[in-house]
Amino acid sequence: MPTLWRNARIACLDQADRVFQSGAVITQEGRIAWVGGESELPAGLRPDRIVELAGRWLTPGLIDCHTHLVFAGQRAAEFARRTAGESYGDIARAGGGILSSMRATRSATVDELVEQSRPRLRSLTREGVTAVEIKSGYGLDLESEARMLQAAHELGAEYPVTLTTSLLAAHALPPEFDGRADDYIEILCTQWLPDLVGRKPGAGNMKSLVSAVDAYCEDIAFSAEQCDRLFSAARALGLPVRMHAEQLSNVGGSLVAARHGALSCDHLEYANERDVQALAASGTVAVMLPIAFYALAEEQRPPIALLRRHGVPLAVASDCNPGSAPTASLLLALNMARRLFGLTSAEVLQGATRNAARALGLGNELGSIEPGMAADFAVWSIDTLDEIGYWAGFNPCSMVVKSGQIELERPV
Ligand code: NIG
Ligand code: FE
């Protein structure tokens with residue numbers, strides 16, 4: 001049942017970065033079967049369906065590889081305090097921040113979490129996002145973390161997205177463990193991880209509730225040594241790891257991430273050359289989160305020149321969360337990555353497609369338009385690819401295709 005998508009300008013985002021000014025894609029059974037110039041279309045092709053794209057740009061579906069989009073409540077009052085001069089760290093140390101979202105999230109049912117989080121995922125999908133990572137980390141007790149992950153899976157099943165989940169129980173120290181961070185890490189390693197890995201999101205669903213383990217390595221969160229122990233336990237269970245590192249200070253998280261071959265290391269504002277070299281050697285993707293940088297009014301930028309020089313693959317993500325990134329827009333993150341961090345349009349496009357796929361361990365499946373990959377794409381009403389990350393607060397996505405099906409068409 002082949003479908004021919006024709007008369008498109010196509011950015012393949014494959015290794016050769018092929019672009020077709022007058023191109024076509026053939027999809028079959030949810031995958032890309034062929035891509036090339038209109039003039040090279042295979043002879044004798046008898047498509048069941050032809051979709052005319054009238055010269056619009058076609059890219060791989062976008063991938064938001066770092067979100068905390070499942071949570072209850074909001075923290076607008078903290079934003080007001082921060083705009084009046086208080087710091088994120090001070091609010092966290094006084095029991096607000098992540099712990100404030102923990103209190104709201106612990107008192108929510110799975111249905112309530114789904115209900116409250118749905119608008120955020122819906123907003124991402126309208127921007128051409130066809131794959132998303134969602135973290136736990138606001139439950140901070142076993143059953144509340146499980147409810148967050150369950151809510152993520154239920155939302156993922158409602159929308160045309162590929163979902164991956166990360167257990168971020170090492171996000172903040174829950175009050176039950178006050179002064180006993182090592183004990184908390186020990187319980188994560190010996191009890192929560194093995195338990196949650198064994199749980200499924202539903203009868204007949206072969207996925208595990210958890211696809212990776214994340215940690216927040218920071219002086220207001222967990223030490224490098226604690227993250228190291230957690231990552232060893234995760235890897236012993238066959239789970240890949242990712243890390244929030246060097247966001248507000250440098251406490252050695254990147255080196256731990258690199259040592260464990262982390263899929264990604266995220267934030268990195270305070271990373272130094274040694275960190276960058278280690279990430280390059282371990283093939284870890286550096287995920288830029290410019291909305292958090294902006295919303296916290298940070299001044300230290302990630303070392304983009306070093307990351308480029310050492311060839312670390314760059315991704316860009318929304319970081320959607322109620323504290324440091326109250327957003328549900330990956331496009332805004334791409335704009336900020338360009339304006340605030342100086343990334344190019346090519347870098348942000350790679351960062352939201354093939355490099356983001358790699359950050360999720362899905363680089364062989366998603367993130368580029370080439371035969372064999374999932375037929376996930378976004379169609380854009382733009383004149384030039386430079387408009388990706390140029391518009392701020394405007395969404396030029398006019399069609400979203402997931403597994404070869406048109407899931408959304410909207411006038412731009
Ligand atoms: O990625 N840095 C840690 N975690 C989030 C913020 C979480 C929150 O403040 O609720 C982040 O920025
Ligand atoms: Fe985050």
Side-chain angles (χ1 to χ4, degrees), residues 64-82 86-106 113 116-117 120 132-140 144-145 148 152 164-174 212-222 227 241-251 253-254 257 262-271 285-298 300 302 315-328 330 333 336 356 359-360:
D64 195 348
C65 67
H66 179 141
T67 87
H68 310 245
L69 74 80
V70 169
F71 58 84
Q74 39 71 30
R75 308 218 302 267
E78 285 184 6
F79 182 65
R81 284 165 65 185
R82 293 205 312 273
E86 272 185 79
S87 82
Y88 180 75
D90 289 345
I91 292 173
R93 275 182 283 268
I98 294 166
L99 292 184
S100 143
S101 293
M102 175 205 76
R103 290 186 284 274
T105 301
R106 280 186 177 179
L113 288 172
Q116 291 194 39
S117 307
R120 298 184 276 271
V132 63
E133 184 259 10
I134 302 180
K135 303 174 194 301
S136 69
Y138 295 117
L140 309 183
S144 303
E145 289 288 292
M148 287 188 73
T164 72
T165 51
S166 302
L167 178 71
L168 179 57
H171 198 194
L173 189 63
V213 169
D214 196 345
Y216 187 22
C217 191
E218 190 62 61
D219 57 11
I220 54 168
F222 296 93
C227 295
V241 297
R242 54 171 35 88
M243 178 83 105
H244 285 71
E246 336 308 354
Q247 179 189 17
L248 307 169
S249 61
N250 189 317
V251 298
S254 308
L263 288 173
S264 75
C265 196
D266 307 29
H267 288 290
L268 294 173
E269 277 79 350
Y270 286 81
V285 177
V287 181
M288 303 290 102
L289 302 168
I291 298 182
F293 170 88
Y294 156 81
L296 299 183
E298 291 296 319
Q300 168 106 6
V316 182
S318 72
D319 200 10
C320 172
N321 76 68
S324 64
T327 184
L330 179 57
M336 289 189 178
L360 297 183

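When a ligand or atom number is given, it counts from 1 through the structure's own listing order.
Nearest approach of Val287 to Ala359, heavy atoms of both residues: CG2-CB, 4.3 Å. Ile91 and Arg82 make their closest contact through CD1-CG, 3.5 Å (heavy atoms, listed as atom of the first residue, atom of the second, distance). Considering all non-hydrogen atoms of both residues, Val316 and Ala333 come closest at CG1-O, 3.8 Å.
Scanning the protein heavy atoms around atom 11 (C) of ligand 1, the nearest turns out to be Asp319 OD2, 3.2 Å. What sits closest to atom 4 (N) of ligand 1 on the protein, heavy atoms only, is His171 NE2, 2.9 Å.
Residue Asn321 approaches ligand 1 through these ligand atoms, each under 4.0 Å from one of its heavy atoms: 5 (C), 6 (C), 7 (C), 8 (C), 9 (O), 10 (O), 11 (C), 12 (O). Counting the atoms of ligand 1 from 1 in the order shown, those under 4.0 Å from a heavy atom of Arg75 are 8 (C), 9 (O), 10 (O). Atoms of ligand 1 found under 4.0 Å from any heavy atom of Ser324 (numbered from 1 in listed order, with element): 5 (C), 6 (C), 9 (O), 11 (C), 12 (O). Close contacts between ligand 1 and Tyr138 involve ligand atoms 7 (C), 8 (C), 10 (O) [criterion: under 4.0 Å to a heavy atom]. Which parts of ligand 1 touch Tyr88 is read off a 4.0 Å heavy-atom cut-off, strictly below it: atoms 6 (C), 7 (C), 8 (C), 9 (O). For ligand 1, the atoms lying closer than 4.0 Å to a non-hydrogen atom of Ile98 are 7 (C), 8 (C), 9 (O), 10 (O).
Only protein N, O or S atoms were considered, and those under 2.8 Å from the Fe ion (ligand 2) are His66 NE2, His68 NE2, His244 NE2, Asp319 OD1.
A donor-acceptor pair shorter than 3.5 Å cannot be found between the side chains of His171 and His244. Side-chain contact of Tyr216 with Gln247: a donor-acceptor pair under 3.5 Å is present, judged by distance alone.
The closest donor-acceptor contact from the side chain of Ser318 to the backbone of Cys320 lies under 3.5 Å. Not a single donor-acceptor pair under 3.5 Å links the side chain of Glu133 to the backbone N or O of Thr165. With hydrogens and angles ignored, the 3.5 Å screen pairs a side-chain donor or acceptor of Glu246 with a backbone N or O of Val251.
Nearest-residue assignment for atom 5 (C) of ligand 1 (options Gln247, His267, His66, His68; heavy-atom criterion): His68.
Of the residues Pro326, Pro290, Ser324, the one that meets the side chain to side chain contact (heavy atoms under 4.5 Å, CB included) test with Asp319 is Ser324.
Using bins of under 30°, 30° to 60° and over 60° for the plane-to-plane angle, the ring pair His68/Tyr138 lands in the tilted bin.
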